[in-house]
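Notes to accompany the following structure.
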Amino acid sequence: MDTIRVSKEVPGSSKSTAQSLTESTSRTETINGSHEFKISGYSLVKGMGIGKYVASDTFMVGGYSWAIYFYPDGKSPEDNSVYVSLFIALASEGADVRALFELTLVDQSGNERHKVHSHFGRTLESGPYTLKYRGSMWGYKRFFKRSLLESSDYLKDNGLLVRCCVGVVKSRTEGPRCYNIPVPVSGLGQQFGKLLESGKGADVTFEVDGETFPAHKLVLAARSAVFRAQLFGPLRSENTNCIIIEDVQAPIFKDFLFTSVQSGTFSWGAAPVLKYYSPGIRCCFILSTGMKCLICKT
């Protein structure tokens, strides 16, 4: 059955053209951090005056500095010190910082009946809270009625414990990532040469003019098509563990062996080797040397 593909034309074009598709993703998440603020000597800060506060040390969350403010006599004059007030404030420079907050007055009796006001874990109709500038606050003027607080399990040994969690909203756009990974220059040839020189793991020996040269079949076969035919091809010798090379001086053969292993080209000095592997055709021909072929001995 034939398949018919329908493609839309590019607007403004008289004919259909192939279009490339690119992608990007906007990710928005919160960077969270917490701070614990201990207020000891509560009875001594009570009565300091409406709008007066004690503040925590500043702490960092999401690249911004924050502080907790506790008003023992309340923040607003209209409440007439009936309530204590608790706020979290932006303590560093910033504009339109969006964040989620949680303020917890800890139950110090161990009953875990904490008083919690939180943005976390629920849907906010208007989204995260926005702090416009340094000193902007979020919290409650009427956080707790003072008379009830002073007779509750939240006050212990004349002290209060407040925990605050801030989640700063951050957005980023992700697109295709390009990686520039520098590739080091290959030292494979030199490494093979050192392996050949060490003789470790050698499984073939060349006898040349009374000297022996240990080598590695797989390395030779990988670096030279002629050695591959000599050691693993259909024309390979019956004994591939010890190969006798005639009519070559040992120093010359050693140089030849190292050259072929390190460079990956089977050459004799500056004379290139032309290799043929069809039956009945000469296996190799070394220009201007007169050296016998390793395979056919001609």
Side-chain angles (χ1 to χ4, degrees), residues 28-76 78-92 94 96-170:
T28 302
E29 56 192 7
T30 59
I31 300 175
N32 300 333
S34 299
H35 185 79
E36 195 170 84
F37 180 35
K38 296 179 181 179
I39 305 167
S40 61
Y42 168 78
S43 62
L44 299 177
V45 298
K46 183 177 67 171
M48 67 189 306
I50 297 173
K52 302 293 182 64
Y53 59 83
V54 291
S56 71
D57 194 5
T58 57
F59 56 97
M60 295 294 295
V61 180
Y64 298 96
S65 182
W66 306 88
I68 303 170
Y69 288 75
F70 175 71
Y71 298 79
D73 294 325
K75 192 173 186 292
S76 300
E78 61 266 24
D79 290 331
N80 198 27
S81 300
V82 175
Y83 295 91
V84 298
S85 303
L86 189 62
F87 285 84
I88 174 71
L90 178 63
S92 60
D96 296 329
V97 180
R98 301 176 70 237
L100 303 177
F101 301 105
E102 181 176 280
L103 288 171
T104 302
L105 185 60
V106 178
D107 178 0
Q108 300 188 80
S109 68
N111 293 324
E112 302 292 327
R113 298 176 64 181
H114 312 306
K115 182 175 178 60
V116 182
H117 291 277
S118 179
H119 289 157
F120 294 91
R122 63 190 181 94
T123 302
L124 303 176
E125 292 183 2
S126 57
Y129 191 80
T130 300
L131 291 90
K132 297 291 186 181
Y133 46 81
R134 180 176 182 174
S136 297
M137 293 182 171
W138 175 87
Y140 294 87
K141 294 179 180 179
R142 298 181 176 182
F143 186 78
F144 210 104
K145 199 167 186 177
R146 196 167 70 172
S147 60
L148 296 178
L149 175 64
E150 294 173 358
S151 61
S152 71
D153 291 329
Y154 302 111
L155 184 64
K156 181 180 180 181
D157 298 330
N158 200 29
L160 299 170
L161 180 59
V162 176
R163 289 175 185 155
C164 174
C165 181
V166 180
V168 178
V169 178
K170 295 281 189 178

Can you check whether [X] reaches [Y] side chain to side chain, under 4.5 Å on heavy atoms?
| X | Y | answer |
| --- | --- | --- |
| L149 | L105 | yes |
| D107 | E112 | no |
| Y64 | V168 | yes |

Can you tell me how far apart [atom1] ([X]) and [atom2] ([Y]) are? Round to the nearest 0.5 Å.
| X | Y | atom1 | atom2 | result |
| --- | --- | --- | --- | --- |
| L103 | H114 | CG | NE2 | 14.0 Å |
| L160 | L86 | CG | CG | 9.5 Å |
| W138 | C164 | CH2 | SG | 8.0 Å |
| K132 | T130 | NZ | OG1 | 6.0 Å |
| L90 | R134 | CG | CZ | 8.5 Å |
| T104 | K115 | OG1 | NZ | 10.5 Å |

- Message: Using 30° and 60° as the class boundaries, would you call the ring planes of W66 and F101 parallel, tilted or perpendicular?
- Response: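 The arrangement is perpendicular - the two ring planes meet at more than 60°.
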
Can you name the closest pair of heavy atoms from [X] and [Y] and give their distance?
| X | Y | answer |
| --- | --- | --- |
| N32 | G167 | OD1-CA, 3.1 Å |
| A67 | I88 | O-CD1, 3.2 Å |
| N80 | I50 | CA-CD1, 4.2 Å |
| K141 | S76 | CD-OG, 3.0 Å |
| Q108 | G159 | NE2-O, 2.9 Å |
| F120 | E102 | CD1-CB, 3.9 Å |

- Task: Sequence neighbours left out, what pairs pass salt bridge (Lys or Arg N to Asp or Glu O under 4.0 Å) with at least one residue falling in residues 65-75?
- Result: D73-R146

Any residue meeting side-chain hydrogen bond (donor to acceptor under 3.5 Å, both in side chains) with [X], in chain and number order, not counting sequence neighbours:
| X | result |
| --- | --- |
| S92 | none |
| H35 | none |
| K46 | E150 |
| S151 | none |

- Message: I'd like to check the side chain to side chain contact (heavy atoms under 4.5 Å, CB included) partners of S34; sequence neighbours left out, ordered by chain and number.
- Response: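 For S34, the residues satisfying side chain to side chain contact (heavy atoms under 4.5 Å, CB included) (neighbours in sequence not counted) are C165.
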
Can I get a per-line list of side-chain donor-acceptor pairs under 3.5 Å for residues 54-61, giving both atom names and the distance, sequence neighbours left out?
from, atom 1, to, atom 2, distance (Å)
S56, OG, I68, N, 2.9

- Item | More than 12 heavy atoms from other groups under 6.0 Å of NZ on K170 | yes

- Query: Under 6.0 Å from the OH atom of Y133, do we count more than 12 heavy atoms belonging to anything else shown?
  - Reply: no

- Task: Would you mind listing every ring pair (Phe, Tyr, Trp, His ring centres under 6.0 Å) that reaches into residues 142-167, with sequence neighbours excluded?
- Result: H117-F143, F144-Y154

Among residues at least two apart in sequence or on other chains, which ones pass salt bridge (charged side-chain N to carboxylate O under 4.0 Å, His left out) with [X]?
| X | result |
| --- | --- |
| D157 | none |
| R113 | none |
| K156 | none |

- Query: Considering residues at least two apart in sequence or located in another chain, which fulfil the ring pair (Phe, Tyr, Trp, His ring centres under 6.0 Å) criterion with Y69?
  - Reply: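 Once residues adjacent in sequence are excluded, the partners of Y69 under the ring pair (Phe, Tyr, Trp, His ring centres under 6.0 Å) criterion are Y53.
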
